[in-house]
Amino acid sequence: MNNLSATTKVGKIKKLKTTKVYVIPYLVWSFIFLIIPVFILIFMAFSTYDFSTGANVEFTLKNWKYVFGAESRTVFWPSIGKSLLISFLVTLLCLIIGYPTAFVMTKIKARYRALIMALLILPLWMNQVLRIVSWRTIFEILKMNRNELYIFNIIVAMTSMYLPFMIVPIFTVLEKIDPKVVEASYDLGSNKVNSFLRVTLPLSLGGIVSGIIMTFLPSLTQFEVSDAISYNNVVLLGNLIYTRFKGTGGFNVGSVFSLFTVLFTIIGFILLLRVDKEGETLI
Amino acid sequence: MMKKNIIPTLSKVLILALAFTLIYIPVVVILIMSFTKSYSLSTLGLESGGTLKWYGSLFGNNYGALDIAKKYVSNIASLKTAIVNTFAVTIISTIVSTILGTFFAIGIHSFSKKIRTSLMVLNNMPVIMPDIVTGFLLLLIFVLFESIFGFKRGFNTVLIAHIFFSIPYVVLSVLPRLNQIDENTYEAARDLGCSRFEAVFKAIIPSIMTGIVAGAMFAFTMSIDDFVISMFVSGQKFYNVSTWIDSSLRRGFIPKSVYAYNIIIFAIASIVVVLTRISSIRKNKGALV
């Protein structure tokens with residue numbers, strides 16, 4: 001008996017050793033393309049280093065002064081404000097439309113459910129830039145291309161773009177909920193509303209958080225939608241980063257802007273880790 | 001429990017209709033515009049009548065039918081290059097990221113839960129990070145490579161970037177399957193005389209195949225439609241379809257041939273996806289995603 005358990009133990013250790021090795025190239029890969037760049041980003045934000053000349057390795061707060069300095073009231077803060085407002089409203093709209101849609105989808109017969117799911121993902125095969133441009137065409141036809149409507153138009157186009165990213169994770173989580181759990185709540189005297197609020201909703205929280213992150217972060221940093229829909233009239237956080245990267249030598253200030261989005265990403269990460277440790281609701 | 005009330009049924013239909021209308025409006029617009037004669041992007045062009053010339057312009061070299069300036073003809077030539085570039089990048093990056101992602105997932109799976117969670121944080125980072133940050137970070141490392149090794153931006157950098165953002169999706173698709181298989185599969189294969197590699201290839205890989213296929217489909221979908229990351233890392237001369245449309249847009253004119261191209265891709269994707277769904281329903285293995 002003792003002998004037998006000893007061999008299985010040895011076998012297990014062997015197994016772990018052999019397949020654990022596969023992680024090493026992954027770590028090297030992530031180190032090169034993820035960890036090092038983050039350090040370059042921080043370095044760029046705090047220096048005046050220019051890759052094209054290789055000169056001026058000097059640590060300074062100049063870039064930060066530029067971002068928060070005299071121009072910040074007309075450039076930086078309005079862009080951040082508009083970006084936050086737009087992405088907040090887009091996320092809210094996606095949640096209000098997406099949650100009931102995902103909920104209704106789980107009530108459909110299994111065979112049709114798979115097809116509906118496919119229909120939901122298929123538009124992602126249509127080029128995203130072209131989808132944005134076609135929204136502009138619609139606003140053009142409806143004579144809605146006016147200064148005061150640009151932000152509204154951007155919100156509509158973004159909601160259409162990111163809605164599937166809200167529906168899919170919520171649907172994935174809702175589908176996994178055992179119907180017996182909900183039935184049990186009925187048996188225990190809950191009515192429909194009550195059992196939804198106390199059973200279904202808490203159980204689908206992981207999907208909601210994933211959905212919110214997958215819509216909020218991309219819509220916060222979008223630049224193509226605002227460029228195309230508003231004919232460059234609405235400048236968002238994404239546009240600020242984009243223009244810095246396009247112009248030569250703008251990497252330093254661009255890095256400061258990027259650090260802001262990194263900050264929002266980290267917040268999103270912490271939220272996600274609380275509800276879904278292995279990220280199973282992300283796709 | 002399933003009372004056949006009209007109001008709940010109606011509201012169910014309405015919410016589905018609202019969501020799908022919002023998502024499908026652009027698709028319908030692109031579909032209509034790919035068949036209308038007008039060059040203008042500010043109308044659907046219904047009054048200008050129907051044509052197949054945009055589809056025709058994608059095949060062969062006969063642009064006479066297009067009946068416009070030379071500028072447009074050179075545009076279409078560059079569109080064709082962009083299409084070839086897109087497929088080259090997407091196919092290679094799908095194959096590479098599927099292989100790497102599968103092995104990473106097997107590796108991650110063999111760790112204890114604690115280490116696995118932190119490895120998954122690393123894995124999920126590119127999924128959660130907005131494209132613009134991923135693009136900017138990759139641009140920084142590529143610019144560093146350029147200044148040290150003279151590594152020029154173009155096909156190579158776009159390919160590496162696509163592999164980079166595809167791998168996490170493969171890992172996320174494969175891991176749930178790994179959790180489902182019997183832990184002793186690998187050992188059983190080893191006991192029966194398989195070498196370490198054979199045990200992985202003959203015992204583990206076949207049992208997680210559905211996850212691998214789903215991961216590959218994910219990688220393909222993400223790669224073929226990528227715009228932001230490609231935009232950042234492609235340098236000045238390399239275009240895929242997305243960055244090509246963007247540069248046309250910034251020059252103020254998008255040739256409608258690209259609408260036709262997108263409809264063709266959409267049609268192929270629809271057929272493939274619907275067929276795989278139907279076959280997976282028949283096999284009763286559930287949805288792929």
Side-chain angles (χ1 to χ4, degrees), chain A residues 11 15-16 18-20 22-23 26 30 33-34 36-38 40-41 51 54 97 100-101 104 111 114-115 117-118 122-131 133-135 137-138 140-141 159-160 163-164 213 217-218 221 224 228 238 241 245 258 261-262 265 268-269 277-280 282-283, chain B residues 12 15-16 18-19 22-27 29-30 41-43 103-104 106-108 110-111 117 120 122 124-125 127-130 132-133 136-138 140-141 143-144 147 164 169 172 176 186-187 196 218 221 225 227 232 241-242 245-246 249 254 262 265-266 269-270 273-274 277 281 287:
Chain A
K15 171 208 162 189
L16 294 178
T18 43
T19 46
K20 263 180 189 170
Y22 296 143
V23 162
Y26 175 65
S30 302
F33 293 111
L34 196 65
I36 294 180
V38 171
I40 304 178
L41 185 75
F51 276 109
I97 303 170
T101 309
V104 171
R111 57 169 63 187
L115 270 180
M117 194 65 181
L122 265 178
L124 300 185
W125 282 78
M126 208 57 112
N127 191 286
Q128 52 174 306
V129 187
L130 218 51
R131 275 185 280 149
V133 176
S134 64
W135 273 108
T137 306
I138 294 164
E140 198 89 55
I141 295 167
T159 307
S160 151
L163 192 52
I213 291 170
L217 288 177
T221 51
E224 191 67 12
I241 299 176
F245 134 80
S258 301
T261 51
V262 171
T265 312
F269 234 109
K277 287 208 165 55
E278 295 200 5
E280 282 160 346
L282 283 178
I283 56 170
Chain B
K12 275 179 198 168
I15 191 72
L16 280 185
L18 173 66
L22 257 179
I23 296 171
Y24 270 86
I25 282 177
V27 178
V29 171
I30 296 168
L41 295 185
S42 44
T43 83
F103 281 101
F104 294 164
I106 293 172
I108 291 171
S110 57
F111 278 89
T117 306
M120 283 314 282
L122 194 66
N124 295 343
M125 207 102 86
V127 180
I128 291 180
M129 233 162 30
I132 200 167
V133 179
F136 202 84
L137 289 177
L138 288 170
L140 289 175
I141 191 81
V143 172
L144 183 72
S147 64
F164 176 81
Y169 291 98
L172 280 170
Y186 179 83
E187 277 168 59
R196 289 171 177 182
F218 244 112
T221 315
D225 188 42
F227 163 61
F232 271 84
V241 175
S242 300
I245 298 173
D246 174 70
L249 178 69
I254 300 178
N262 265 283
I265 294 295
F266 184 72
S270 312
V273 171
V274 169
R277 293 286 156 164
I281 295 166

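All chains are named by letter (A, B, ...) in the order of the sequence lines, taking the proteins before the strands, and each is independently numbered beginning at 1.
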Student: Please give me the minimum heavy-atom distance between B:Pro130 and A:Thr265, naming the atom from each residue.
Tutor: CD-OG1, 3.4 Å

Student: Heavy-atom distance under 4.5 Å to chain A: side chain of B:Ser270, backbone, both or neither?
Tutor: both

Student: Of all of B:Ile108, B:Ile106, B:Leu137, which one pairs up most often with chain A through heavy atoms under 4.5 Å apart?
Tutor: B:Leu137

Student: Between A:Tyr26 and B:Phe104, what is the ring plane arrangement, given parallel below 30°, perpendicular above 60°, and tilted in between?
Tutor: tilted

Student: Closest heavy-atom contact between A:Pro123 and B:Val27?
Tutor: CB-CG2, 4.0 Å

Student: Looking at CG of A:Leu124 and CG of B:Asp225, how far apart are the two atoms once the value is rounded to the nearest 0.5 Å?
Tutor: 7.0 Å

Student: Which answer fits B:Val133, side chain, backbone, both or neither, if we ask what part of it has an atom under 4.5 Å from a heavy atom of chain A?
Tutor: side chain

Student: Atom OG1 in A:Thr101, atom CG in B:Leu18: separation rounded to 0.5 Å?
Tutor: 7.0 Å

Student: Which one wins on heavy-atom pair count under 4.5 Å against chain B: A:Val23, A:Thr221, A:Val129, A:Leu130?
Tutor: A:Leu130

Student: Could you tell me whether the side chain of A:Asn127 reaches within less than 4.5 Å of the side chain of B:Phe227, counting heavy atoms only?
Tutor: no

Student: Would A:Phe269 and B:Asn124 satisfy side-chain contact (heavy atoms from CB on, under 4.5 Å), going step by step from the backbone distance to the final call?
Tutor: CA-CA 9 Å; A:Phe269 234 109; B:Asn124 295 343; 4.1 Å; yes

Student: Do B:Ile25 and A:Trp135 come close enough that some side-chain heavy atom pair is under 4.5 Å?
Tutor: yes

Student: How about B:Tyr24 and A:Leu122: do any of their side-chain heavy atoms sit closer than 4.5 Å?
Tutor: yes

Student: State the CD1-CE distance between B:Ile265 and A:Met126, to the nearest 0.5 angstrom.
Tutor: 10.5 Å

Student: So which part of B:Ile23 gets closer than 4.5 Å to some heavy atom of chain A, the side chain, the backbone, both or neither?
Tutor: both

Student: Please give me the minimum heavy-atom distance between B:Ile15 and A:Pro100, naming the atom from each residue.
Tutor: CG1-CB, 3.7 Å

Student: Rounded to the nearest 0.5 Å, what separates atom CD1 in A:Ile213 from atom CE in B:Met129?
Tutor: 14.0 Å

Student: To the nearest 0.5 Å, tell me how far B:Ile30 CD1 sits from A:Thr137 OG1.
Tutor: 9.0 Å

Student: Name the option with the most non-hydrogen atom pairs under 4.5 Å to chain B; the candidates are A:Ser258, A:Ala228, A:Gly238, A:Gly268.
Tutor: A:Ser258

Student: Where on B:Phe136 is there a heavy atom nearer than 4.5 Å to chain A: the side chain, the backbone, both, or neither?
Tutor: side chain

Student: Identify the heavy atoms of A:Trp125 and B:Asn262 that sit nearest to each other, and give their distance.
Tutor: O-OD1, 4.1 Å

Student: Give me the atom names and distance for the closest heavy-atom approach of A:Pro37 to B:Ile141.
Tutor: CG-CB, 3.8 Å

Student: Nearest 0.5 Å, please: how far is CG in B:Leu122 from OG in A:Ser30?
Tutor: 4.0 Å

Student: Sort out for me which of B:Thr43, B:Leu41, B:Leu22 touches chain A most, counting heavy-atom pairs under 4.5 Å.
Tutor: B:Leu22

